[in-house]
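First comes the structure, then the notes that go with it.
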Amino acid sequence: MIYPTNIEQKIDFTVIREELLRRCASPLGRERVEAMQMETDFAKVQHLLCLTDQMRMAQSDPMLTFPRGTIHDMRESIARIRIAGLFLDEAELDDLRKTLSFAADLETFFASLDEQRYPLLRELPNNQNNSSTLNNIVSEIDRILDRYGKLADHASPELAQIRRELTNAQGSVSRTLAAILRQAKADGLVDADAAPTLREGRLVIPVPPGYKRKIGGIVHDESATGKTVYIEPQQVVDANNRIRELEGAERRERVRILQAVTDKLRPQTDLILANQRMLAEVDFLSAKVSLAETLHAIRPELHDAPLIDWSDARHPVLWLHYTPQNKPVVPLSVRLQAGENRVLVISGPNAGGKSVCLKTVALLQYMLQCGLLVPVAEQSRAGLFEQLMIDIGDEQSIQDELSTYSSHLRNMKYFLRNANEKTLFLIDEMGSGTEPLIGGALAESMLRELVGKGAFGLVTTHYTNLKHFAEQTHGVVNGAMLYDRGAMRPLFQLSIGQAGSSFAIEIARQTGLGESIIQYATDLVGEEHIDYDKQLQDIARDKRYWENKRQAIRQKEKDLEAKIADYEERLSGVKQQKKAILDEAREQAAELLQQSNATIERTIREIKEAKADKQKTKEARAKVEAMKEQVGKPKALKDFKDLKVLKNAVPAAPSSTASIVRQRTLSFSRTLDLRGYRADEALEKLIAYMDDALMVGAGEVTILHGTGTGALKQLTRDYLNDLNRRRRKRGQIALDFGDGDVNHGGAGLTVVRL
C-alpha cells in the first residue's frame with residue numbers, strides 16, 4: 001500500500017521511470033517499464049534484484065560476449081496471421097527475421113552461462129532449447145528475402161521468370177521511347193531536357209499541347225499549368241500493356257509466396273510470442289542495468305523484514321543532474337531497525353538538506369521494491385515494507401477547501417489509522433502550517449502514536465519539543481544536518497545521534513538584519529532557548545572533531561595491523577629459507593663426501609694399473625689432496641670447515657641416488673671406443689657415456705672413433721655441438737673439445753674437457 005496515489009511524482013520516481021523508458025530499445029521493454037510497480041513479496045523482490053544483478057554481471061564480464069540485435073514488436077502481426085489466408089508482408093517478415101535471430105542468439109548465450117553464477121538468466125527463455133526452431137524460421141525467411149528485406153528473385157522459379165520478362169519488356173519500352181524522344185527533340189516537338197516519366201504506371205513522354213497530335217499515342221495526363229501533356233506513343237502501347245500484365249503476375253506470385261511462408265510460420269505463433277515476452281524482459285533488464293551503471297548502483301543484502309541500513313546512499317536524480325556538471329552529491333548513511341532506533345527525527349537549518357534526505361530514503365526504498373539496483377555502498381543492507389506513506393510538500397486545495405495545515409492533518413489521520421510495524425512513513429516539517437506551540441504539541445502527540453504502532457519513519461522538523469521527544473523516547477533518535485558555522489554554509493551531511501540547530505540567529509545576522517532586531521528577538525525567546533541552540537551546535541562540532549579523531553585512530557590501527565602481519569609473514573619466510581639452506585648444504589656435503597670417496601678409490605685403482613709410474617702416481621696423489629681440500633670446504637655450508645677424510649671410517653649407507661653415482665664413478669673409464677658400431681648404436685653409447693662423465697666430474701675424456709669414412713667423427717662432433725647449445729641455453733659453461741694429440745691418434749679421436 002502506498003499513500004498518496006501521486007507518491008511517484010512527490011519522490012521524483014517519475015524521473016527514474018523516464019530514464020528507463022529512454023534506455024529501452026523497443027516498445028516491448030517500454031511496456032515493462034510502464035507496468036513496473038512497488039512489490040512487497042520478499043521472494044519476488046529478491047528474484048527481480050538478482051535477475052537484474054546477473055544481467056549486469058553478464059553484460060560487463062570481459063570473458064563473455066553478450067549478443068546484440070534488433071527487437072521489433074511483432075505481436076499485432078502474429079495475432080493477425082492466426083486467421084488462415086492472411087500473411088506477413090516483406091517488411092514484417094524482415095522485422096521478424098531480425099527479431100527471431102536475436103532471440104536465438106540470446107537463447108544460445110543464456111544456455112552457455114555458468115549455472116552456479118547465472119541461474120536466473122539461464123531460466124530466462126520461456127521455452128528452453130528452441131533456438132534451433134527459431135533458426136529454422138529465420139532460414140525460411142532468408143530463403144525468400146534478400147538482405148534489404150525485399151522479395152528475392154530466387155524466392156520461386158516462377159517469380160524469377162516473371163521478373164526476367166518484366167525487365168526485358170521495360171528495357172524494350174525504354175529503348176523505344178528514347179528513340180522517339182530523340183526524334184521529337186530533333187524535330188523541335190519537345191523540350192531539349194525532356195525525359196520519359198511514369199503516369200498511371202505507364203512510361204510516357206512530356207509534350208507541349210500544341211504538338212500532341214504530331215506524336216501519335218494516348219494522352220494519360222497533363223501538368224497542373226496545362227503547359228505539358230503526357231503521351232504514351234502508339235509504338236509502346238502493346239509493350240506497356242504487357243508490362244502491366246507482368247506486374248500483375250508478379251503481385252500474384254508475390255502474394256502466393258508470402259502466403260506459403262506464412263502458412264509455415266503459423267504453427268509457431270505461440271513460440272514466437274513467447275520469445276517476444278523474453279525479448280521484452282531482456283530489453284527491460286538491459287535498461288535497468290544501463291541506469292544502474294550510470295548511478296553506480298548495486299544489489300544490497302536483502303532481508304525479509306523491515307530494515308534500512310544504508311551506507312553512502314546517494315539521491316539518484318541529483319546524481320543524474322549533477323554528475324554531468326562535475327558537481328558532487330553528498331552521500332548519507334541511515335540505519336532504522338526493529339529493536340533499535342526505528343524513527344529518525346532530523347533537524348537543522350533551512351536549505352540544509354533535510355527534505356533531500358527524506359526524499360532520498362523514500363526514492364531508494366521505492367526503487368528497491370520495484371526491483372531496481374540502488375546507489376548505496378557494498379556493505380549496505382535493506383529490508384521490505386508493506387506500506388509506504390509520505391507527507392511531503394504542499395497539498396492545499398481550493399476545490400476541497402483545504403489549507404496546507406488541513407491537508408497535513410488529513411494525511412496524519414490516514415497514517416494513524418493504517419500504520420503498523422511494517423510501515424515506513426516520511427513526514428516533512430511535521431506539525432508546520434499553524435501556530436507553532438500547538439503545532440509542535442500536536443506533532444509530538446501524533447509522532448508518539450506512530451512510534452507506539454511500531455512503525456518506521458523519518459521526520460524533519462524545527463520544533464525543539466520533537467528534538468526532546470527523540471532524545472527521551474526508546475526507538476527514536478535525533479539526526480542533524482550539519483552546518484559550517486564558520487563559513488555559514490550547509491554541509492548537506494547527516495549526523496545521527498544528536499539534534500541539529502536551525503541557526504536562525506546566525507543566518508539572520510549573516511543576511512544583514514539589524515543587531516537591535518536580533519537582540520530583541522533573543523530577549524523574546526529567552527537566553528535559555530538560545531543557549532540550548534548553541535549547545536546543540538557545540539555538540540555537533542565536538543562530535544565531528546572526535547569522530548575524525550576516531551577515524552584517524554582506526555586507520556592507524558589498521559595500518560599497524562597490516563605492518564605486523566607483513567613482518568610476521570616475512571619472518572616466517574626467513575625461517576623457511578634458513579631451513580632450506582641448511583638442508584641443501586647437508587645434502588651437498590653428503591654428496592661431495594660420496595664423490596670424494598669414489599674419486600679416491602678410482603685414483604688408487606689408476607695407480608695400481610699404472611704399475612707405480614712415478615708421474616701418474618704423483619698426479620693421482622695431487623687429485624686426492626685436491627679432493628681433501630674440497631671436502632674440507634664445501635660451498636653450501638661453511639660450518640663444515642672441519643670435515644676431514646678418515647682412512648678407516650665406515651660410511652653410512654648411501655641413498656639410492658648417491659649409490660648409483662658412486663658405482664658409476666668406480667666403474668667409469670676415461671676412454672670410449674665407438675669403432676665398429678653402427679651410427680645409431682654409437683650415438684646411444686655416446687649419450688650415455690657423456691651423461692656419466694658429467695655426473696662423476698671426469699675432468700677430461702677421450703672418444704675413439706677412428707678416421708675411416710669420418711661418419712662416426714661427424715656424429716660425435718654434431719652431438720657435442722648440440723649438447724653445448726643446450727648447456728648455453730641453460731646458462732651452463734660449454735664443453736671444450738677437439739682432435740687428440742698427433743702422437744696419440746690425432747684426428748682419429750676427440751678429446752673432451754669437461
Side-chain angles (χ1 to χ4, degrees), residues 16-17 19-26 28-33 35-69 71 99 102-131 134 274-304 307 310 313 316 364-384:
I16 300 299
R17 202 184 287 272
E19 279 292 322
L20 289 171
L21 289 171
R22 185 175 62 82
R23 295 164 193 265
C24 286
S26 72
L28 298 170
R30 286 189 280 274
E31 285 182 14
R32 292 285 287 108
V33 172
M36 180 178 57
Q37 62 183 8
M38 176 178 160
E39 304 289 346
T40 58
D41 181 72
F42 175 78
K44 186 168 186 179
V45 175
Q46 181 81 302
H47 176 84
L48 292 173
L49 292 174
C50 289
L51 187 57
T52 305
D53 199 37
Q54 289 179 25
M55 179 64 83
R56 179 187 62 79
M57 292 189 298
Q59 291 188 351
S60 61
D61 191 337
M63 303 303 293
L64 299 176
T65 303
F66 195 89
R68 301 295 175 189
I71 302 176
T99 302
F102 184 34
D105 291 343
L106 283 170
E107 288 204 7
T108 302
F109 174 76
F110 290 143
S112 70
L113 293 176
D114 179 73
E115 192 169 2
Q116 299 297 320
R117 192 175 186 194
Y118 302 101
L120 298 181
L121 279 188
R122 284 176 57 88
E123 297 172 0
L124 192 58
N126 299 84
N127 297 276
Q128 297 288 337
N129 301 322
N130 278 290
S131 57
L134 298 179
N275 277 278
Q276 288 277 279
R277 291 190 291 272
M278 185 266 287
L279 290 171
E281 187 68 16
V282 169
D283 193 17
F284 178 44
L285 287 171
S286 297
K288 292 201 289 185
V289 168
S290 174
L291 179 61
E293 292 293 335
T294 300
L295 297 176
H296 297 176
I298 65 157
R299 175 173 64 93
E301 179 184 314
L302 192 65
H303 293 256
D304 190 10
L307 170 67
W310 297 339
L364 292 187
Q365 188 64 39
Y366 197 86
M367 288 175 62
L368 186 80
Q369 294 193 221
C370 286
L372 298 175
L373 306 184
V374 289
V376 295
E378 289 288 346
Q379 66 269 26
S380 298
R381 300 182 301 153
L384 302 183

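Bear in mind the structure is a predicted one, so any value in this text is a computation, not a measurement.
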Holding to ring-ring contact (aromatic ring centres under 6.0 Å, His included), I want the full list of residues that pass it with Phe42, two or more places apart in sequence or in another chain. none

How long is the gap from CG on Leu121 to CZ on Phe110, to the nearest 0.5 Å? 5.5 Å

Hey, is Arg23 close enough to Asp283 for a salt bridge, meaning N to O under 4.0 Å? no

Judged by atom type as modelled, is there a donor-acceptor pair below 3.5 Å linking the side chain of Ser286 to the main-chain atoms of Val282? yes

How long is the gap from CG on Asp105 to CZ on Phe66, to the nearest 0.5 Å? 10.5 Å

May I ask you to test the Cys370-Gln37 pair for a side-chain heavy-atom distance under 4.5 Å? no

Going by heavy atoms in the side chains, are Phe284 and Thr52 under 4.5 Å from each other? no

Would you call Pro67 and Phe102 a side-chain contact if the rule is heavy atoms closer than 4.5 Å? yes

Only one of Leu113, Leu49, Leu120 passes side-chain contact (heavy atoms from CB on, under 4.5 Å) with Gln54, and that residue is Leu120

Side-chain donor or acceptor of Arg22 paired with backbone N/O of Arg17 under 3.5 Å: no

side-chain hydrogen bond (donor to acceptor under 3.5 Å, both in side chains) filter on Thr108, not counting sequence neighbours, yields none

With rounding to the nearest 0.5 angstrom, report the CG to OG distance, Leu106 to Ser131. 11.0 Å

Heavy-atom pair of closest approach, residues Ser380 and Pro300: O-CB, 3.6 Å

Tell me, do Gln365 and Trp310 make a side-chain contact under 4.5 Å, heavy atoms counted? yes

State, with a plain yes or no, whether a side-chain heavy atom of Arg56 is found less than 4.5 Å away from one of Leu285. no

Minimum heavy-atom distance between Leu368 and Ala382, given as atom pair plus value: CD2-CB, 3.5 Å

Gap between atom CG of Leu372 and atom CZ of Arg299 - 0.5 Å precision: 14.0 Å

Kindly determine whether Leu279 and Ser26 satisfy side chain to side chain contact (heavy atoms under 4.5 Å, CB included), including the steps that lead there. CA-CA 9 Å; Leu279 290 171; Ser26 72; over 6 Å; no

Closest heavy-atom pair, Lys288 versus Leu48, reported as atoms and distance to 0.1 Å, is NZ-O, 4.2 Å

Side chain to side chain contact (heavy atoms under 4.5 Å, CB included) assessment of Val33 paired with Leu21: CA-CA 6 Å; Val33 172; Leu21 289 171; 3.7 Å; yes

Can Leu124 and Leu51 be said to form a side chain to side chain contact (heavy atoms under 4.5 Å, CB included), step by step? CA-CA 9 Å; Leu124 192 58; Leu51 187 57; 4.3 Å; yes

Donor-acceptor under 3.5 Å (Asn275 side chain, Met278 main chain): no

Grab the two heavy atoms, one from Ala280 and one from Leu28, that are nearest each other, plus how far apart they are. CB-CB, 3.6 Å

Would you say that Tyr366 contacts Ile16 through its side chain, given a criterion of any heavy-atom pair below 4.5 Å between the two side chains? no

Tell me, do Leu302 and Leu307 make a side-chain contact under 4.5 Å, heavy atoms counted? no

pair Leu384-Glu39: side-chain heavy atoms closer than 4.5 Å: no

Rounded to the nearest 0.5 Å, how far apart are CG of Asp53 and CD of Gln46? 10.0 Å

Distance in Å, Arg122 CZ paired with Asp114 CG, rounded so as to fall on 0.5 Å steps: 8.0 Å

Taking all non-hydrogen atoms of both residues into account, name the closest pair between Leu364 and Ala313 and its distance. CD1-CB, 3.7 Å

Is the shortest side-chain N to carboxylate O distance from Glu301 to Arg381 below 4.0 Å? no

Answer yes or no: is there a donor N or O on one side and an acceptor on the other, between the side chain of Gln369 and the main chain of Met38, under 3.5 Å? no

Looking only at non-hydrogen atoms, find the nearest pair between Ile71 and Thr99 and report the distance. C-OG1, 4.0 Å

